[in-house]
Amino acid sequence: MLTDLYQLTMAYGYWKSGLKDHEAVFHLFFRKNPFQGGYAIAAGLNAAIDLLNHFSIEKEDLTYLASLKGNDGKPLFESDFLDYLEKLEMTCTVDAVPEGTPVFPHEPLLRIRGPIILGQILETPLLNMLNFQTLIATKASRICRAAKGESVLEFGLRRAQGPDGGLSASRAAYIGGCAATSNVLAGKMYDIPVRGTHAHSWVMSFDSEEEAFTRYAEALPNNCVFLVDTYDTVEGVQKAIEVGKKLREKGSEMVGIRLDSGDLAALSIEARKLFDEAGFPDASIVASNDLDEYRIEELKAKGAKINVWGVGTRLATAYDQPALGGVYKLAAIRGPQEDWKFKIKLSEQLIKVSNPGILQVKRFVNGEKYVADVMVNEAGKQENIISLKVDKGNISLEGLESKDLLVPIFEKGKLVYQQPHIHQIREFVQVELGKLPTEVLKNHDAEVYPVGLSDVLHKEKLAMIAELS
């Protein structure tokens, strides 16, 4: 039932129109890179696999659908259609881009081929699952790149869009490069490392800041990161150092401090000086307080001595772009024993004109670097791709090897894909990003990675546009 009503009304319409046995191909993709950047990181496939692997419409679902009424007060759906839904099984063939793959506008992240009714019902949940996690994984990647190898901790649960949003954000942020999360449930469910310190309320619960730090050290000698800005930050650092010395005498070591307000650059510089003078050169300085890739870059430019970054709201909510804008479009259809009929959506906005056919994306590599992506129609005329037309001319691809980005996930409803562990996905992201041109990865003024249509697909598209215009 995690779908929009209009998916079900269209499914009913297909059924009424005699199209229930028609096969269709849908593509899920986005039209613009998020955050005005040069790439996105595909994520959310695990949730989609779980949905498809356990797809069913239960009797209580059908009872609810039977209760829906049209504007005339009569049932919205016939009982025979509900009987049909009760027997509906997941029989689609699904190909997808593996999680952690860098992807670009208009490239299918997911390709669904199967009964048109089933493909239509699946549109909304698939978009829901891939849109958000792809967005957050991309934001995390950008933030981690700004941190230049220093640890980024995801602290966004309390500001996330509900429990589900919080869990999805924690998972996607880890894939994107974050080292750990504060979200304990995400840690349990996804095997993500969890990290946490204490809040201002802990310090305020005691008569003095020094007592608060002392009691925390007694309770958790192996997790001492002291929040030092409840009152006077520099004094807080000095008190943390005194408690750290006592902790060291007992055989434990202070991890460091956290700064959550004020001039983070200046305070971190002063804290580093105090730590070094006191014999704590390895003590970490953690910063939080509305951080994102831009703020981290700014702080680094000011010489901040922060080496762990706690990023919450602006990561878990994708603060500066709250939606990816992914879409799901019909690209081909055929009746029983018929040939494929390719479909295209036209628009006065060029960016909204879809690509027809059963698409595959070929990623070309030159040595250890990716050069360009070319979309082809697997059901169209096959060709030898030797170049790609781009704004600046042609990119020669002759003699270069390529790999298909879309890989088999389900074959006629049967899961055939072995899902990698989340740690493997996280490592895969870093390997794949290392194969992209550096200019594509910039957080500001990123270059456009070359993506286009094969010559044959381009001609097929232009012919369809001319025919329908």
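Residue numbers start at 1 and run along the sequence shown. Hydrogens, waters and symmetry mates play no part in the numbers below; they use all other heavy atoms, side chains included.
The nearest pair of heavy atoms linking Val243 to Ala217 is CG1-CB, 3.9 Å. Heavy-atom minimum distance, Val429 versus Ile175: CG2-O, 3.4 Å.
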- Item | Worked check of side-chain contact (heavy atoms from CB on, under 4.5 Å) between Ile422 and Asn46 | CA-CA 10 Å; Ile422 192 169; Asn46 76 309; over 6 Å; no
- Decide yes or no on side-chain contact (heavy atoms from CB on, under 4.5 Å) for Val451 and Asp373, but give the supporting numbers first. CA-CA 5 Å; Val451 177; Asp373 292 358; 4.1 Å; yes
- Message: Run the side-chain contact (heavy atoms from CB on, under 4.5 Å) test on Gln360 and Met375 for me, step by step, so that the C-alpha distance in whole Å, both residues' side-chain angles and the decisive distance to 0.1 Å come before the verdict.
- Response: CA-CA 6 Å; Gln360 177 59 273; Met375 284 179 273; over 6 Å; no
- Stepwise, does the side-chain contact (heavy atoms from CB on, under 4.5 Å) test hold for Leu2 with Leu51? CA-CA 10 Å; Leu2 184 67; Leu51 166 78; 5.8 Å; no
- Item | Residue pair Gln120, Glu123: steps toward the side chain to side chain donor-acceptor pair (under 3.5 Å) verdict | CA-CA 5 Å; Gln120 195 70 70; Glu123 173 180 356; 3.0 Å; yes
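In this structure, CD1 on Ile409 lies 5.0 Å from CD1 on Ile49, to the nearest 0.5 angstrom. With rounding to the nearest 0.5 Å, the separation of CD1 in Ile192 from CG in Asn183 is 7.5 Å.
Note on Glu242 versus Lys245: salt bridge recorded, some NZ/NE/NH1/NH2 to OD/OE distance being below 4.0 Å. Between Asp95 and Arg113 there is no salt bridge, since none of the side-chain N atoms of the basic residue sits less than 4.0 Å from a carboxylate O of the acidic one. Of the charged side-chain nitrogens involved, at least one lies within less than 4.0 Å of a carboxylate oxygen, so that Arg272 and Asp276 count as a salt-bridged pair. Salt bridge present: Glu298 and Lys302 bring a charged side-chain N and a carboxylate O closer than 4.0 Å. Between Arg111 and Glu378 there is a salt bridge, since a side-chain N of the basic residue sits under 4.0 Å from a carboxylate O of the acidic one. In this structure, Lys139 pairs ionically with Glu293, as a charged nitrogen and a carboxylate oxygen lie closer than 4.0 Å. Taking the charged nitrogens against the carboxylate oxygens, Glu218 and Arg215 do have a contact shorter than 4.0 Å, which makes a salt bridge.
Applying the side chain to side chain donor-acceptor pair (under 3.5 Å) rule to pairs touching residues 425-434 yields Tyr370-Glu432, Lys403-Glu432, sequence neighbours excluded. The side chain to side chain donor-acceptor pair (under 3.5 Å) pairs that include a residue from residues 30-45 are Tyr39-Ser141, where partners are two or more places apart or lie in different chains.
One side chain, Asp191 or His423, offers a donor N or O that lies under 3.5 Å from an acceptor on the other. Side-chain contact annotation: Arg258 with Ser288, donor-acceptor N/O pair under 3.5 Å present.
The side-chain contact (heavy atoms from CB on, under 4.5 Å) check on Thr438 picks up nothing, with sequence neighbours excluded.
Judged by the 6.0 Å and 45° rule, Lys329 forms no cation-pi pair with Phe29. Judged by a 6.0 Å distance limit and a 45° cone about the ring axis, Arg363 is not positioned over the six-membered ring of Phe104.
Checking side-chain atoms of Asn394 against main-chain N and O of Ser387 turns up no donor-acceptor pair under 3.5 Å. The main-chain N or O of Gly196 is found under 3.5 Å from a side-chain atom of Asn223 such that the two form a donor-acceptor pair. A distance-only check finds no donor-acceptor pair linking the side chain of Thr101 to the backbone of Ala42 [under 3.5 Å]. Proximity of a side-chain donor or acceptor of Glu99 to a complementary backbone N or O of Gly44 within less than 3.5 Å is detected. In this structure, Glu383 contributes its side chain and Val456 its backbone to a donor-acceptor pair below 3.5 Å.
Using cut-offs of 30° and 60° on the angle between ring planes, the pair Phe26 and Tyr328 is parallel.
Under the ring pair (Phe, Tyr, Trp, His ring centres under 6.0 Å) rule, Trp202 has a single partner from Tyr216, Phe213, Phe226, which is Tyr216. Remark: of the listed residues Arg195, Arg171, Glu154, Glu154 is the sole one forming a side-chain hydrogen bond (donor to acceptor under 3.5 Å, both in side chains) with Thr181.
Within the 4.5 Å cutoff, the side chain of Ser151 has no heavy atoms near those of the Trp309 side chain. In this structure, the side chains of Asp290 and Arg295 stay at 4.5 Å or more apart for every pair of heavy atoms.
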